[in-house]
Novice: 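This structure is in structure tokens; I'll ask about it shortly.
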Amino acid sequence: MELPVDHLEQDRVAGLLPSPDPIQLIDENGAVTSGDVAGVYELPPVQTLAEAYRRMVVGRRFDAEATALTRQGRLAVYPSSKGQEACQVGGVLALAEQDWLFPTYRDTMSLVMRGVDPVDALGLLRGDWHCGYDPMKERIAPQCTPLATHAPHAAGLAYAARRRGEDAVALAFIGDGGTSEGDFHEALNFAAVFNAPAVFLVQNNRYAISVPLSRQTAAPSLAYKGIGYGIRSEQIDGNDVAAVLAVLSEAMSHARSGHGPMLIEAHTYRIEAHTNADDAGRYRDPSETAMWVPRDPISRLERYLTGVGALDDQAVRRVQDEAEAFAEELRSRMGADPAVRPEEMFSHVLAEPTAQLRAQRETVRELVMRGD
Amino acid sequence: MELPVDHLEQDRVAGLLPSPDPIQLIDENGAVTSGDVAGVYELPPVQTLAEAYRRMVVGRRFDAEATALTRQGRLAVYPSSKGQEACQVGGVLALAEQDWLFPTYRDTMSLVMRGVDPVDALGLLRGDWHCGYDPMKERIAPQCTPLATHAPHAAGLAYAARRRGEDAVALAFIGDGGTSEGDFHEALNFAAVFNAPAVFLVQNNRYAISVPLSRQTAAPSLAYKGIGYGIRSEQIDGNDVAAVLAVLSEAMSHARSGHGPMLIEAHTYRIEAHTNADDAGRYRDPSETAMWVPRDPISRLERYLTGVGALDDQAVRRVQDEAEAFAEELRSRMGADPAVRPEEMFSHVLAEPTAQLRAQRETVRELVMRGD
Amino acid sequence: MAVSMVQALNAALRDAMRADDSVVVFGEDVGALGGVFRVTDGLTADFGEERCFDTPLAESGIVGFATGMAMRGFRPVVEMQFDAFAYPAFEQVASHVAKMRNRTRGSVTVPIVIRIPYGGGIGGVEHHSDSSESHYAHIPGLKVATPATVDDAYSLLREAIDDPDPVVFMEPKGLYWSKAEVALPARTAPFGHALSRREGSDVTLVAYGPTVPVALEAAEAAAENGKEVEVIDLRTLVPYDEAAVTKSVSTTGRCVVISEATGFAGIAGEIAAQVQRACFYSLAAPVHRVTGFDIPYPPPMHEQHYLPGVDRVLDAIEQLEWD
Amino acid sequence: MAVSMVQALNAALRDAMRADDSVVVFGEDVGALGGVFRVTDGLTADFGEERCFDTPLAESGIVGFATGMAMRGFRPVVEMQFDAFAYPAFEQVASHVAKMRNRTRGSVTVPIVIRIPYGGGIGGVEHHSDSSESHYAHIPGLKVATPATVDDAYSLLREAIDDPDPVVFMEPKGLYWSKAEVALPARTAPFGHALSRREGSDVTLVAYGPTVPVALEAAEAAAENGKEVEVIDLRTLVPYDEAAVTKSVSTTGRCVVISEATGFAGIAGEIAAQVQRACFYSLAAPVHRVTGFDIPYPPPMHEQHYLPGVDRVLDAIEQLEWD
Ligand SMILES: Cc1ncc(C[n+]2csc(CCOP(=O)(O)OP(=O)(O)O)c2C)c(N)n1
Ligand SMILES: Cc1ncc(C[n+]2csc(CCOP(=O)(O)OP(=O)(O)O)c2C)c(N)n1
Ligand SMILES: [Mg+2]
Ligand SMILES: [Mg+2]
């Protein structure tokens, strides 16, 4: 007699495991590859890729400008996503209007690429308020700093949206380091058990500040975590925006059509230090970073688009000009100190301030009036 | 050019995944099966199985007596492990003298089967102190109640032992419910990254109090969680003590010889309610429990041992007599209230009580003297 | 009809679920089992799996999932099975639930109720009798409610569920089976209003949750010695009704704060600190505290010596400089 | 030689590692990077990967792993990168680290040091400036130390590592770069001994960690108005040196407690509650508290208005009934 455990269909197991090698659709020379062994994923249409190109160029320029703003003391700190543009842009291009994004501190570029006013998007890092944009309006959760803690929120929101009959998917960004936190585990498990339409995109940029991936996990790759939750998983070349778009689109429609969550690991690399305040020289060799330059997500797409005739020098210059103008406007708008009202500290603690909070606000008001 | 991700050897992946069906060596009719498709695991010697039989019979009798003691008000509560004897006994038989056990509240039987005085082992549940035995002497961590929190301890202790050149392995018991906690995830990850000689034995008894396995996970089976940490995994028929012994012994020597942790899922069933205070009728059908009766770990082993001529009626009676005597002695020793010293509450808070603690102890002493 | 606190809580959940479709109840064992204390008894049967359901065993996940659901319009009422088992959710509570409104300038609100059975006196083994209310009270952005009576159990829980802010709802498990003649639905005073449970002009006992009956019993005993004791039940620790406590102590000139939690750096210290400041010129004696000792909650056979009992309260009253 | 607090802490770790092979340092980024604040700078290089190493990014795992290592004879010193990032480890700290000795009648001890940079004033974005010392002080079984000076940073950390009990070692990150002329190894007073940082007979300021320099500055300013202010630096919150505070306030008759943490239900309330009781007849005025407000720590551009500064301390002193 058999044990009353579900007799395991090996198909099911195979269906949950990622491709043994990362999915790649366009290689670093800009050539279409047969990186998708299974043949599940289709190369996105050229217009989509052209749009991705445009956004990646503007996004990278935004990122450089934000780093520059830290040198001018305009931002408290900035965690760059240079080198991760394919995920930042591919991630938001895969979203429908009604979908939600759950970003981390590193994903400011993706916010901007989804249309958030860059000044608002930089609110957290500028320091006038914790979250500078309206999450409900943008359908973007506040950027999350305590690692992996937003992952259960994404699961919960996705489930709630489905319960409300909304056709929305929640996409959560998470770092390789973040996957080690208990909340990552609990989030994936909840998403799977409640069949929530949530997609978890791990941007494996090979470092958690200074800690290399090898200290983070002994798994064959992070995508192998999915099967432990019964979650379909995939790993991709995270610097190939075509692969990001193709696999993410599939993941979104997998989730949207009621098949539950999906886990995607994007292999990429953090080109800059952890933030402007970090000194990457302490823990990694420049030669390692140099290895990733030829894998750049923008240059390979540029080659591909040029190759298929969808991009010429003039178009490249147009995009660069757009990026420059974008940066210039940002720089000028960030040039002045934002107005802050010290009493606002007390305005959003509770729906109605308690008597104690009102008294404390009064203390601050008086001190400010006295000029202290 | 390839991504600089480790090119994945499919052998490595296969080596981490569990057997597609639970390993079973003796079926419920007492017949040797070919349950181990891979042929990795050997049927333990008959003397070992005979010893396991003896302990399972005594263990079950102990368990029944403990439940009886709750009815007499001698224990605050008792979580029975009836039906899980193969894990309780197989688990400790696989341990060497120097190894450590990390049990939960459900695993009192295993403590006793490892040689802890049953009265001491019942200390927690009797309520005269939190842990009634000396963990350092027994090499058994205090039974853990906050779920999965002992799993990182097992990883840390195992790593520490290896660092000290000790040849010790840490075996942690955990429930199916416990695998959902973040600490389970973090423990497995730490164990793998630090190559700690720790073995995690999930006693999947299909319920976490009232919550069925299907609400706990959507994974093909819990053993599929291992690969996400790069941990070799196995699933077994948890009611077949031969399989428990064979796979656990392999896991222990895998860990002991420096190959790192292993995860084993034992499919079993909690025959009784969660504790004596629980009403299982609220959430499961007696017919389900009935299905597990023929899978009983003791009767199948009895049949096997009888079949191979290692057990006869007389021997069975001898073991039963031993169990009866064991229970009787326990009953009589538990018959009186243990002596408690109220001031002991203050004795072990810190190495040296602070002035405040001394003053508070004085308060209690006075109250007790006044007879309040 | 005599109603137990468990029944009142159950009724509050039912009525709230009936009144508002967005109220959902979830946690460990809250479904078919009805919770280990039966507070959610019958909710799945009556409202369906969608409205009351079991989750995987992971408290941080439960609170985090609730946060996400609240962001999309639900009002989750989640159960932590015992007080110490809420600790895994501490980060979610402190870094998100308490802060979400603030972080987002009021755009994202998470009106979650986190129900936590707390306190001792039920013979529970370790980790089953903690009192963690001071931790939650110390985290800005949370409200903390705790009923001591059956009608308040109903009323405060209804209010907690309706409240636009997240509420940590601490249920004194030692009083779960206490009964009172109450007609439900009962509505008592709102959040932030302490109630006097007994009038008295000589000394003020400030209590909440499990220590209210202790205070009342001590007051009875003190009355036999000619001392008229006022008993104030705080009902909510946040908002804290400073005015009510100040008013009472200004009259009585004496104050004892009673709390089951470890005394050091706990809520009882806060109350004492506020009273001595607000009532400095009225106090005939310093404010005393009768609390749990600064030790881990002891095993069942010791707990009678740990809990702040009537004798310790009477001793404290005695010490309040009566001559 | 002028030594910074970071350097003193680093030296303490080094000297402790040299003195005792069982001392190991681990956490996030403590290896090659030397910690985001460089407190562990060079330890891996000098003592090897075995003695100072990076871990996976999981604070509960770090503390749990440390617990297991301590059970087998190591003395782990673990770093939580920022205060709010210790919250995921709350259950391990509260339910195991603090209780292990007690649970096992002293058989299993876990002499772990949990280093936590805390407090604000460095322009950090949200979740980087919390002050959670009151939570730890409220958990029996833990010691809680927090240096305010460079020599104490060294001395208290050495003592913490040698201590047989688990110690939560709160490092005031706003003072990390403060410097003093100190010859290391420096040994100051032991745990449980508050130190007077300035003598004065009119009023006692009780401070610790980041608020000690604030208190000293306020004392200077008050001196110009003819008020002689004593400044007491607690150094350890647990054990708490009640005797020293009582002695001072008995003389001065006035007391202000200063703490950066949210005031409500925090450690400052404990101190005020103890002082009013112990010094009831000496107090000329109620004990005042100057603390962080009961709000989440604000964004960088607001923090100057949140932190208890010199002006608020002087205002509090002014209110202490001087006529
Ligand atoms: C719970 C928690 N612990 C620690 C930190 C401090 N910290 C901020 S970023 C970071 C590294 C994160 O690495 P990863 O998840 O790989 O994301 P990446 O920064 O590479 O995008 C750490 C340790 C934090 N923010 N939250
Ligand atoms: C952190 C935590 N949450 C909740 C509980 C309450 N609780 C005790 S046992 C239990 C079910 C555990 O199920 P499982 O892990 O499957 O072990 P089993 O009891 O079946 O052996 C629960 C929820 C707990 N002890 N710890
Ligand atoms: Mg990373
Ligand atoms: Mg179970």
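Throughout, a chain's letter reflects where its sequence line sits, starting with A, and its residues are numbered from 1.
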Novice: Measuring from atom CD of A:Gln360 to atom OG1 of D:Thr291, what distance do you get when rounded to the nearest 0.5 angstrom?
Specialist: 6.5 Å
Novice: Determine the option with the most heavy-atom pairs under 4.5 angstrom with chain A, choosing from D:Pro56, D:Ala84, D:Gly61.
Specialist: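 Most heavy-atom pairs under 4.5 Å with chain A: D:Pro56.
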Novice: Please report the interatomic distance CZ(A:Arg126) to CE(D:Met301), rounded to the nearest 0.5 Å.
Specialist: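 Those atoms lie 6.0 Å apart.
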Novice: With a 4.5 angstrom heavy-atom cut-off, is it the side chain or the backbone of A:Arg341 that approaches chain D, or both, or neither?
Specialist: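 Backbone of A:Arg341 only, per the 4.5 Å heavy-atom cut-off to chain D.
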Novice: So how far is it from A:Thr145 OG1 to D:Phe82 CZ, rounded to the nearest 0.5 Å?
Specialist: 10.5 Å
Novice: About how many Å separate CG of A:Leu147 and CD of D:Glu59, when rounded to the nearest 0.5 Å?
Specialist: 7.5 Å
Novice: Taking 4.5 Å as the heavy-atom cut-off, does anything in residues 208-215 of chain A contact chain D, and if so which residues?
Specialist: A:Ala208, A:Ile209, A:Ser210, A:Val211, A:Arg215
Novice: A:Asp279 versus D:Arg38: any side-chain heavy-atom pair under 4.5 Å?
Specialist: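 With C-beta onward as the side chain, the pair touches.
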Novice: Are any non-hydrogen side-chain atoms of A:Arg282 and D:Asp41 less than 4.5 angstrom apart?
Specialist: yes
Novice: I'd like to verify something: which residue of A:Leu125, A:Val340, A:Val364, A:Asp128 has the highest number of heavy-atom pairs under 4.5 Å with chain D?
Specialist: A:Asp128
Novice: Need one label for D:Phe293: side chain, backbone, both or neither, based on atoms under 4.5 Å from any heavy atom in chain A.
Specialist: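 Both parts, heavy atoms under 4.5 Å.
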Novice: Could you tell me which residues in residues 176-189 of chain A have at least one non-hydrogen atom under 4.5 Å from a non-hydrogen atom of chain D, sorted by residue number?
Specialist: A:Gly177, A:Gly178, A:Ser180, A:Glu181
Novice: Does some side-chain heavy atom of D:Pro296 sit less than 4.5 Å from a side-chain heavy atom of A:Val349?
Specialist: yes
Novice: Hey, what do you get for NE2 (D:His302) to NE2 (A:His130), rounding to the nearest 0.5 Å?
Specialist: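 That separation rounds to 8.0 Å.
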Novice: Does any backbone or side-chain atom of D:Val36 lie under 4.5 Å from a heavy atom of chain A? Answer side chain, backbone, both or neither.
Specialist: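 Just the side chain, heavy atoms under 4.5 Å.
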Novice: Counting C-beta onward and ignoring hydrogens, is there a side-chain heavy-atom pair between A:His274 and D:Asp29 closer than 4.5 Å?
Specialist: no
Novice: Assess whether atom CD of A:Glu352 is packed by more than 12 heavy atoms of other residues, nucleotides or ligands within 6.0 Å.
Specialist: no
Novice: Is it the backbone or the side chain of A:Gln143 that comes under 4.5 Å from a heavy atom of chain D, or both, or neither?
Specialist: backbone
Novice: Scan residues 212-221 of chain D for pairs that pass salt bridge (Lys or Arg N to Asp or Glu O under 4.0 Å), counting only residues two or more places apart or in two chains.
Specialist: D:Arg198-D:Glu220
Novice: Examine whether an atom of D:Gln81 lies under 4.5 Å from a heavy atom of chain A, and if so say whether it belongs to the side chain, the backbone or both; otherwise answer neither.
Specialist: side chain
Novice: Go through A:Thr149 and D:His127 one step at a time and tell me if the side chain to side chain contact (heavy atoms under 4.5 Å, CB included) criterion holds.
Specialist: CA-CA 12 Å; A:Thr149 55; D:His127 306 296; over 6 Å; no
Novice: Would you give the length of the straight line joining atom CG of D:Asp294 to atom OG1 of A:Thr354, rounded to the nearest 0.5 angstrom?
Specialist: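 It comes to 7.0 Å.
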Novice: Excluding sequence neighbours, so at least two apart, what forms ring-ring contact (aromatic ring centres under 6.0 Å, His included) with A:His348?
Specialist: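 Applying ring-ring contact (aromatic ring centres under 6.0 Å, His included) to A:His348 gives A:Trp129.
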Novice: Does any non-hydrogen side-chain atom of A:Val77 lie less than 4.5 Å from one of D:His128?
Specialist: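 No, every pair of side-chain atoms sits at 4.5 Å or beyond.
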Novice: Flag the pair A:Leu367 / D:Arg312 as yes when at least one side-chain heavy-atom distance between them is below 4.5 Å, and no otherwise.
Specialist: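 The answer is yes; the side chains approach within 4.5 Å.
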Novice: Which region of A:Leu357, side chain (C-beta onward) or backbone (N, CA, C, O), has a non-hydrogen atom less than 4.5 Å from a non-hydrogen atom of chain D, or is it both or neither?
Specialist: side chain
Novice: Would you confirm whether D:Glu126, through its side chain, and A:Leu124, through its main-chain N or O, come within 3.5 Å as a donor-acceptor pair?
Specialist: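 The answer is no, because no donor-acceptor pair under 3.5 Å joins these two groups.
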Novice: Answer with side chain, backbone, both or neither: which region of D:Tyr87 has an atom nearer than 4.5 Å to a non-hydrogen atom of chain A?
Specialist: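 Neither part.
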